[in-house]
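Written out below as structure tokens is the structure these notes cover.
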Amino acid sequence: MGLLEVQDLTLRFGGLEVIDHLSFDVDEGSIVSLIGPNGAGKTSIFNCLTGFYRANSGDIRFAGKSVVKRTPHEITQRGMARTFQNLRLFRSLSVMENVMSGMHCRTHMGALGAILRSPRQRREEALIHQTAEECLDFVGILHYKDRRATTLPYGDQRRVEWARALATRPRLLLFDEPAAGLNYEEKSRFIDLVRRIREQLRITIFMIDHDMAMIMKVSEKVIVIDYGRKIAEGDCEEVQNDPKVIEAYLGREDEEAH
């Protein structure tokens, strides 16, 4: 039984079937990637998994329980966190404050506790601060904690988003196009980070990216979709040599050219 189980998932927008009876598993402790040509439905799948889209049919089970009717906040509380293809940082907040916001799903004290400043409230605030610092240190930008997040170089802004996702204390972390806009050195550091997240924090990784070289370096299993359907699944070598995958990326060869 996988940590994440997707069973016969279907999503339609009007008459267009974006996800077509899709099934796959992500085992706990693994690094799995979802790939496919542009428009294949990859981000729509992530949006269904994390509650931003409601599938028309099928089931999504996380840690043995269905999450298809849960809100994004509830799914995050259960231990599934994500990053986004486009950066979503709070522009007016510092790096530290952005990462602390990720702890919101784990806090318990309400407005009254904040007003009264009870010992429990102070302990919770101290824990939020400590967790945010630990996450920033883990991704390598603790020294930027007091800077406004949007003043950082693009690659470091990505790291702020990764640290914020880690601050939710996930069991499963979904990366949506994490290498987009990164240079070669930054991509190498990201590969190292993914491995450390799995080995040191024991977090399962599921990601989308178009950088095939990076995907093949870090993934243990690759799921390939085209037009919302799964066309291949297996280790990197199996997927790279699958005729359906080659056809999806390169198109059918013109028979008359042979």
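No experiment lies behind these values; they were computed from the predicted model shown. Start at 1 with the first residue, then count along the sequence.
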Donor-acceptor contact present, side-chain [X] to main-chain [Y], <3.5 Å:
{"X": "Asp226", "Y": "Ala248", "answer": "no"}
{"X": "Arg12", "Y": "Gly15", "answer": "no"}
{"X": "Glu133", "Y": "Gln130", "answer": "no"}
{"X": "Ser23", "Y": "Asp8", "answer": "yes"}
{"X": "Thr10", "Y": "Asn56", "answer": "no"}
{"X": "Lys42", "Y": "Pro37", "answer": "yes"}
{"X": "Asp27", "Y": "Ser30", "answer": "no"}
{"X": "Lys244", "Y": "Ala232", "answer": "no"}
{"X": "Glu186", "Y": "Asn183", "answer": "yes"}
{"X": "Arg164", "Y": "Ser101", "answer": "no"}

Is there a side-chain contact between [X] and [Y] in this structure, where contact means two heavy atoms from C-beta onward sitting under 4.5 Å apart?
{"X": "Ser33", "Y": "Asp209", "value": "no"}
{"X": "Val224", "Y": "Glu233", "value": "no"}
{"X": "Leu173", "Y": "Val194", "value": "no"}
{"X": "Pro153", "Y": "Asp156", "value": "yes"}
{"X": "Leu34", "Y": "Ile225", "value": "yes"}
{"X": "Met80", "Y": "Leu174", "value": "yes"}
{"X": "Arg70", "Y": "Gln77", "value": "no"}
{"X": "Tyr53", "Y": "Val18", "value": "no"}

Report whether [X] and [Y] are members of the same hydrophobic cluster (ILVMFWY, side-chain heavy atoms less than 4.5 Å apart, transitive linking).
{"X": "Phe52", "Y": "Val67", "value": "no"}
{"X": "Leu89", "Y": "Leu93", "value": "no"}
{"X": "Leu142", "Y": "Ile128", "value": "yes"}
{"X": "Phe13", "Y": "Leu9", "value": "yes"}
{"X": "Tyr227", "Y": "Ile19", "value": "no"}

Between the side chains of Arg189 and Glu185, is the shortest nitrogen-to-carboxylate-oxygen separation below 4.0 Å, so that they form an ion pair?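 Arg189 and Glu185: salt-bridged.
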One thing to verify: whether Arg171 and Glu28 come together as a salt bridge, which I'm taking to mean a side-chain N less than 4.0 angstrom from a carboxylate O. yes
For the residue pair [X] and [Y], what are the closest heavy atoms and their distance?
{"X": "Arg54", "Y": "Lys69", "value": "NH2-O, 3.7 Å"}
{"X": "Thr83", "Y": "Ala165", "value": "CG2-CB, 4.1 Å"}
{"X": "Val139", "Y": "Ala163", "value": "CG2-CB, 3.9 Å"}
{"X": "Phe138", "Y": "Leu166", "value": "CD2-CD1, 4.0 Å"}
{"X": "Arg61", "Y": "Gln7", "value": "CD-NE2, 3.9 Å"}
{"X": "Arg158", "Y": "Gln85", "value": "NH2-O, 2.8 Å"}

Applying side chain to side chain donor-acceptor pair (under 3.5 Å) to Asp176 and Thr43, what does each step give before you reach the verdict? CA-CA 7 Å; Asp176 189 353; Thr43 294; 3.3 Å; yes
Show your working on side-chain contact (heavy atoms from CB on, under 4.5 Å) between Val245 and Gln240 and close with a plain yes or no. CA-CA 7 Å; Val245 177; Gln240 282 180 307; over 6 Å; no
Evaluate the ring pair (Phe, Tyr, Trp, His ring centres under 6.0 Å) criterion for residues Phe84 and Phe175: first the C-alpha distance (whole Å), next the side-chain angles of each, then the deciding distance (0.1 Å), finally the verdict. CA-CA 7 Å; Phe84 292 88; Phe175 284 112; over 10 Å; no
Drop me the distance from [X]'s [atom1] to [Y]'s [atom2], to the nearest 0.5 angstrom.
{"X": "Ile246", "Y": "Asp242", "atom1": "CD1", "atom2": "CG", "result": "7.5 Å"}
{"X": "Leu172", "Y": "Arg78", "atom1": "CG", "atom2": "CZ", "result": "14.0 Å"}
{"X": "Thr131", "Y": "His129", "atom1": "OG1", "atom2": "NE2", "result": "10.5 Å"}
{"X": "Glu238", "Y": "Lys221", "atom1": "CD", "atom2": "NZ", "result": "11.0 Å"}
{"X": "Thr204", "Y": "Ile31", "atom1": "OG1", "atom2": "CD1", "result": "9.5 Å"}
{"X": "Ile60", "Y": "Ile75", "atom1": "CD1", "atom2": "CD1", "result": "7.0 Å"}

Run the numbers on Lys187 and Asp211 for side-chain contact (heavy atoms from CB on, under 4.5 Å), then give the verdict. CA-CA 9 Å; Lys187 288 178 182 179; Asp211 189 322; 2.7 Å; yes
Which label fits Phe46 and Phe206: parallel for a plane angle under 30°, tilted from 30 to 60°, or perpendicular past 60°?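 Rings of Phe46 and Phe206: tilted, as their planes differ by 30° to 60°.
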Indicate the ring-plane relationship of Trp162 and Phe190, choosing parallel, tilted or perpendicular according to the 30° and 60° boundaries. tilted
More than 12 heavy atoms of other groups within 6.0 Å of [X] [atom1]:
{"X": "Glu237", "atom1": "CD", "value": "no"}
{"X": "Arg147", "atom1": "CZ", "value": "yes"}
{"X": "Arg229", "atom1": "CZ", "value": "no"}
{"X": "Phe90", "atom1": "CZ", "value": "no"}

Apply side chain to side chain donor-acceptor pair (under 3.5 Å) to residues Arg82 and Asn47 and explain how you reach the verdict. CA-CA 10 Å; Arg82 72 170 293 180; Asn47 286 338; 2.7 Å; yes
Side chain to side chain donor-acceptor pair (under 3.5 Å) for Asp59 and Ser66? Distances and angles first, verdict last. CA-CA 7 Å; Asp59 197 13; Ser66 179; 2.7 Å; yes
Run the side-chain contact (heavy atoms from CB on, under 4.5 Å) check on Val32 and Glu220 step by step: do they pass? CA-CA 6 Å; Val32 179; Glu220 296 164 343; over 6 Å; no
Please evaluate residues Val222 and Ile35 with respect to the criterion side-chain contact (heavy atoms from CB on, under 4.5 Å), reporting the C-alpha separation (whole Å), side-chain torsions for both, the decisive distance (0.1 Å), and the verdict. CA-CA 7 Å; Val222 179; Ile35 67 172; 3.7 Å; yes
